[in-house]
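Working notes, structure below.
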Amino acid sequence: MRKSVWRKIGLAALVLVLFVSGACAAGTNNDWGGAKAKYVFMFIGDGMGLQQIIAADVYRSSIEAAGPVPALKKMEISSFPVQGMVTTYSSNSFITDSAPAATTLASGYKTDNGVIGMDPSKTKKLTTVAQMARDKGMKVGVLTSVSLNHATPASFYASQPSRNDYYEIGEQLVGSDFDYFAGGGIHQHTGKDKDRKDLYEVAKEKGYQVLRTREEILAAKPGQKLIAVNPVLDGSNAMPYDMDRTEKELSLAEFTRKGIELLDNPNGFFMMVEGGKIDWACHANDAATVICDIFAFNDAVKEAIAFAEKHPDETLIVVVGDHETGGMSIGFAGTQYETFFEKIAHQKESYESFDKKIAEFRKGEEKTFEKMMPMIADSFGLRTATADERKALEEKAKAGDDAARIALSMTLSDLEVEELRAAFENSMLEKKERPKDEATFLLYGGYDPLSVKITHILNRKAGIGWTSYAHTGAPVALFATGLGSELYAGYYDNTDVAWKTMSILGVR
Ligand SMILES: [Zn+2]
């Protein structure tokens with residue numbers, strides 16, 4: 001009895017050691033015996049679960065549908081030859097945040113929520129696949145649509161106890177000796193209290209060129225390390241949503257194409273590209289904005305595919321989510337077995353862009369729902385109709401009038417108008433005056449009550465559901481193509497993703 005108890009304890013300890021050491025592969029093979037990859041792309045869709053990917057595919061299929069029968073048109077990423085399923089839990093929660101999720105994808109070790117590139121005790125620094133590639137003489141690029149020192153990119157070059165230590169992470173960025181940083185800017189580049197040395201200046205001292213216009217960035221030539229910052233940034237130094245992108249900006253695909261041009265060299269390269277705002281739009285429960293950012297992410301992947309076609313035997317492309325965000329579903333209680341994704345095509349701007357219009361409206365004199373409604377109609381296609389108007393639309397639609405059919409499909413029900421009115425009243429209050437009870441949180445999640453209600457209603461009409469304003473514990477999908485990609489088939493942990501990648505790169 002006693003002996004078997006000790007045997008059990010010994011076994012448990014062994015499992016723990018293997019688990020903590022990252023060697024417990026749970027049946028998946030992490031060792032690549034073939035030729036080593038010279039060019040490795042890791043694309044991380046932040047918050048991009050399988051639901052988000054299929055939502056983008058269903059959307060495109062709905063828009064381009066030739067008839068009523070569903071014919072799924074897959075994006076490039078969902079057409080890759082190898083698929084994996086990946087568990088995402090961190091060392092202290094079944095629901096991870098982006099810091100441990102990316103730390104694990106980069107290093108092969110789990111850590112606690114909020115921690116960047118360190119073990120859960122916050123004493124041991126972890127080494128990342130990007131640093132290993134750099135030390136092997138390869139060039140390294142880190143690209144993201146959020147700030148360059150945000151959790152996901154940070155996890156490839158920094159070690160900090162907290163993801164919120166932006167300045168310290170930024171110091172590690174400029175000290176990383178990586179060759180190309182692109183997308184957002186350095187958040188809090190002069191420190192939280194704006195009293196530290198400007199990190200862009202430190203970067204220049206360390207040999208980086210810092211470019212901020214579309215023309216300069218597109219004209220950049222290989223030879224000097226580069227920090228390429230999108231000409232337009234939001235308050236957190238992230239790029240705007242792709243849906244709101246203007247002509248003077250660069251797309252994630254353009255940053256990727258430039259990166260390939262700058263990093264291509266005889267020793268090869270490792271490039272991490274993050275679609276960071278897929279996550280943010282999921283937090284806000286705005287499906288149209290999510291889907292647009294996924295298409296932008298997929299366009300960036302297409303740049304890697306074009307490169308791989310020229311170097312088919314030396315290139316590996318891995319596309320993976322770090323976790324799922326929002327508990328998104330294809331299907332909603334009210335729409336049951338049907339989807340109407342074409343309805344979200346009416347949305348012309350992101351919730352974030354519309355928030356600014358609401359803020360302006362709030363400052364105005366005549367703050368009525370009736371005055372707001374045309375703005376909602378203009379940006380989201382949702383409209384109100386009297387009983388008589390509705391009846392007239394129904395008759396026209398029945399007679400085959402397509403415009404009437406579409407108008408009817410975008411008309412708010414009585415319940416939806418009631419919900420929208422309540423959200424409007426709430427939104428017109430100053431933020432500090434708004435109710436903070438549990439029911440209000442469940443309705444609006446801390447976002448502007450009106451814009452989150454608009455996207456909720458529009459998404460519900462399309463047949464899309466949301467269950468959270470945070471992340472979920474759902475496993476994510478991984479798609480791989482190229483040299484060594486077969487190693488990624490199966491169902492395994494996010495630690496394994498790093499071990500596989502390091503093995504194929506020949507850095508472990
Ligand atoms: Zn998130």
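For ligands, and for the atoms within them, numbers begin at 1 and follow the listed sequence.
Take a cut-off of 2.8 Å around the Zn ion (ligand 1): the protein N, O or S atoms inside it are Asp279 OD1, Asp279 OD2, His283 NE2, His471 NE2.
Every residue two or more places apart in sequence or in another chain that forms a ring pair (Phe, Tyr, Trp, His ring centres under 6.0 Å) with Phe380 is listed here: Phe354. For His471, the ring pair (Phe, Tyr, Trp, His ring centres under 6.0 Å) partners at least two apart in sequence or on another chain are His283, His323. Residues satisfying the side-chain contact (heavy atoms from CB on, under 4.5 Å) criterion with Val476, sequence neighbours excluded, are Val86, Thr88, Val320.
Judged purely by atom type and a 3.5 angstrom limit, Asp286 has no side-chain atom pairing as donor or acceptor with the backbone of Val452. Counting only distance, with no hydrogens or angles, the side chain of Asp234 and the backbone of Ala238 share a donor-acceptor pair below 3.5 Å. Listed for the Lys125 side chain is no donor-acceptor partner under 3.5 Å among the backbone atoms of Thr123.
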